There are 2 protein chains.
Amino acid sequence: MSFNEAFKAIADPTRRQILTLLRKGDLTAGEIASHFEMQKPSVSHHLKILKQADLVQDRRVGQHIYYSLNTTVFQDLMSWFYDFFDKGGKGS
Amino acid sequence: MSFNEAFKAIADPTRRQILTLLRKGDLTAGEIASHFEMQKPSVSHHLKILKQADLVQDRRVGQHIYYSLNTTVFQDLMSWFYDFFDKGGKGS
DNA sequence: TCAATATTTAGAAAATCATCTAAATATAAA
DNA sequence: TTTATATTTAGATGATTTTCTAAATATTGA
């Protein structure tokens, strides 16, 4: 169930860019929003979708909310791709 | 441009299932459609999106049109994921 | 407590998407 | 050439998605 959510989450270019930004280190919602033309509530919406897909985690530090990557789901998605090069298939 | 198209293409569960079916070997549009509840034109639509994303190829053999995987784009998508584990790498 | 800052939630509008039925196209077989 | 089969295209409809503005919530510091 979260597998499909994750695939949908990474289908959006803005959300992929957010994930890419977070590779360099954790960022607050405001710092993330500052990289985009769109309004903050729109970015907040994208962050919510990434969070629901378990691709990011958030933690509050005072007024700020920091976002960080959660790479465990990336592993799951990657193994789906792997199977296309493993000719023997899942069951062999 | 095709990179984003490919990510959008795999975001749909029906299309991922089509790709999974094609791992075992090439199939005609009709054979693919027979695996789903939805009508043939709907499956044809999904095949078109997979084709536009370069994830599959098609060739006509008489009345039938055979679909097959094109794994080169899978490689591109996979390397996007790889970069999340390679801290020094490049993003999108 | 009050004002400022950071962020999210609510609700709406426009765009995109998945699916359907009906019709069109392409090939094969009679 | 006519009929049957395989598949796609066209157009419509309902659902989902992206984005916006306005309002709400949470926290800090005066």
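All values derive from a computational prediction rather than experimental measurement. Below, read A as the first sequence line, B as the second, and so on, with proteins coming before strands; counting in each chain starts at 1.
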Chemist: Do Ile10(B) and Leu77(B) have side chains that get closer than 4.5 Å, going by heavy atoms?
Modeler: yes
Chemist: Can you tell me how far P of dA6(C) sits from CD of Glu31(A), to the nearest Å?
Modeler: 10 Å
Chemist: Under 4.0 Å between a side-chain nitrogen and a carboxylate oxygen: does that hold for Asp12(A) and Lys8(B)?
Modeler: no
Chemist: So, is Ser42(A) near the phosphate of dC20(D), with a side-chain N or O under 4.0 Å from OP1 or OP2?
Modeler: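 Yes, Ser42(A) has a side-chain N/O under 4.0 Å of OP1/OP2 on dC20(D).
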Chemist: Whole angstroms only, please: what is the CD-C1' distance between Gln39(A) and dA6(C)?
Modeler: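 Between C1' of dA6(C) and CD of Gln39(A): 15 Å.
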Chemist: Below 30° counts as parallel, above 60° as perpendicular, anything between as tilted: where do the rings of Phe74(A) and Phe85(B) land?
Modeler: perpendicular
Chemist: So Phe36(A), base contact, sugar-phosphate only, or nothing? Heavy-atom distance under 4.0 Å.
Modeler: nothing
Chemist: Between the base of dT5(D) and the side chain of Gln63(B), is there a donor-acceptor distance below 3.5 Å?
Modeler: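 By the distance-only test, yes, there is a pair.
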Chemist: Please determine if a side-chain N or O atom of His46(B) lies less than 4.0 Å away from the OP1 or OP2 oxygen of dC17(C).
Modeler: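 Negative; the distance criterion is not met.
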Chemist: Would you kindly give the CD-to-C1' distance between Glu5(B) and dT16(C), to the nearest whole Å?
Modeler: 14 Å
Chemist: Could you tell me the separation between the OH atom of Tyr67(B) and the P atom of dT8(D), rounded to a whole number of Å?
Modeler: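 Going from Tyr67(B) (OH) to dT8(D) (P), I get 4 Å.
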Chemist: What is the distance, rounded to the nearest whole Å, between atom CE of Met38(B) and atom C1' of dA18(C)?
Modeler: 8 Å
Chemist: Please pick, from dT9(C), dT8(D), dA18(C), the nucleotide with the shortest atom-to-atom distance to any side-chain atom of Pro41(A).
Modeler: dT9(C)
Chemist: Quick check on DNA chain D: between Lys40(A) and Gly62(A), whose nearest nucleotide comes earlier from the 5' end?
Modeler: Lys40(A)
Chemist: What is the distance, rounded to the nearest whole Å, between atom CG of Asp58(B) and atom P of dT7(D)?
Modeler: 11 Å
Chemist: What is the distance from CG of Leu50(A) to P of dT8(C), rounded to the nearest Å?
Modeler: 12 Å
Chemist: Are side-chain heavy atoms of Trp80(B) and Phe3(B) found at a separation under 4.5 Å?
Modeler: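 Yes, at least one pair of side-chain atoms sits under 4.5 Å.
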Chemist: Go nucleotide by nucleotide along DNA chain D from the 5' end; which of Thr28(B) and His45(A) gets its closest nucleotide reached first?
Modeler: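 The 5'-side residue here is Thr28(B).
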Chemist: Output yes when at least one side-chain N/O atom of Lys8(A) is less than 4.0 Å from OP1 or OP2 of dT17(D), else no.
Modeler: yes
Chemist: If you compare every side-chain N and O of Ser44(B) against the phosphate oxygens of dT8(D) (OP1, OP2), does one of them come in below 4.0 Å?
Modeler: yes
Chemist: Across the strands shown, which category fits Lys51(B) at heavy-atom distances under 4.0 angstrom: base, sugar-phosphate, nothing?
Modeler: nothing
Chemist: Residues two or more places apart in sequence or in another chain: which of them pass side chain to side chain donor-acceptor pair (under 3.5 Å) with His46(B)?
Modeler: Arg15(B)
Chemist: Over how many whole Å does the gap from Asn4(B) atom CG to dT18(D) atom P extend?
Modeler: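 Answer to the nearest Å: 11 Å.
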Chemist: Between dA26(D), dT8(D), dA6(C), which nucleotide has the shortest distance from any of its atoms to the side chain of Arg60(A)?
Modeler: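 For the Arg60(A) side chain, the nearest candidate turns out to be dA26(D).
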